[in-house]
Amino acid sequence: VVEPGVTKGCTGMDAADFLMRHNSGRTAGPVASCASSGERARILLAVETCLPGSVSSTRGGGETGTVVYDEIDSHVGGSAGVKVARMLSKQGRSRQVISVTHNPTIAALADHHIRVERRKAE
C-alpha cells in the first residue's frame, strides 16, 4: 500500500506499507501495528533473504555488516524453526547475524554462541 502523497521517483517509491491479516475473515492492517515483534522479525528475515541488502540498507544510509533479530523464535517450533534457522544461517554467510533466541534448533546452526543470564541484584 502506497501512502497518500508519496510519488514515484527514479529509484522507486520512497515509502510503502506491508499489510497483513491473521485470519481470512479479518481486515488487513499495517505490519508495524498488527504483527508481534517475532512476526516482524521473521518478515524482515524473509525479505532480506529474498532481496539481500534491501532491509539492512534502509536504516542509517548504507549497507550494514550486522543484522540483529530479537524474538525471531517467538511461537516457532518444529519444521518452521528449522526453516528460520536455515534462513539465518544463509544470511550469516554474507554478514554478521545476531539472533536472540531460546530455540535450540535456531542456536544449533550458529557458528558462535554467547550466553546471557539475568540475575537478581544483591
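Counting from 1, the numbers follow the sequence of the chain as shown. Here the structure is a predicted model, which means the values were calculated and not measured. The figures that follow rest on heavy atoms only: side chains count, while hydrogens, waters and symmetry mates do not.
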Single-linkage hydrophobic cluster V67~L44, side-chain heavy atoms < 4.5 angstrom
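Yes, same cluster.
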Taking only residues two or more places apart in sequence or in another chain, which ones pass side chain to side chain donor-acceptor pair (under 3.5 Å) with R118?
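With sequence neighbours excluded, R118 shows a side chain to side chain donor-acceptor pair (under 3.5 Å) to no residue whatsoever.
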Quick one: list whatever passes side-chain contact (heavy atoms from CB on, under 4.5 Å) with A28, sequence neighbours left out.
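So A28 forms a side-chain contact (heavy atoms from CB on, under 4.5 Å) with L19, R21.
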Kindly state each residue pair satisfying side-chain hydrogen bond (donor to acceptor under 3.5 Å, both in side chains) with at least one member in residues 108-117, sequence neighbours excluded.
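As it turns out, the side-chain hydrogen bond (donor to acceptor under 3.5 Å, both in side chains) pairs with a partner in residues 108-117, which skip direct neighbours, are R115-E117.
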Side chains of residues 78-91: which donor-acceptor pairs under 3.5 Å do they make with residues two or more places apart or in other chains?
residue : atom : partner : partner atom : Å
Q91     : OE1  : Y69     : OH           : 3.1
Q91     : NE2  : Y69     : OH           : 3.2

With rounding to the nearest 0.5 angstrom, report the CG to CD1 distance, L45 to I72.
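If I round to the nearest 0.5 Å, the distance is 4.5 Å.
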Taking all non-hydrogen atoms of both residues into account, name the closest pair between V100 and D73 and its distance.
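Heavy-atom minimum between the residues: O-OD1, 4.3 Å.
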Please find the pair of heavy atoms, one from A35 and one from M20, that lie closest to each other, and give the distance.
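That would be CB-SD, 3.5 Å.
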Please test E39 against S74 for side-chain contact (heavy atoms from CB on, under 4.5 Å), starting from the C-alpha separation and ending with a verdict.
CA-CA 8 Å; E39 289 168 328; S74 179; over 6 Å; no
Hydrophobic clusters join Ile, Leu, Val, Met, Phe, Trp and Tyr when side-chain heavy atoms are under 4.5 Å apart, directly or via other members; which others share one with V116?
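Once heavy-atom contacts under 4.5 Å are chained together, V116 belongs with I114.
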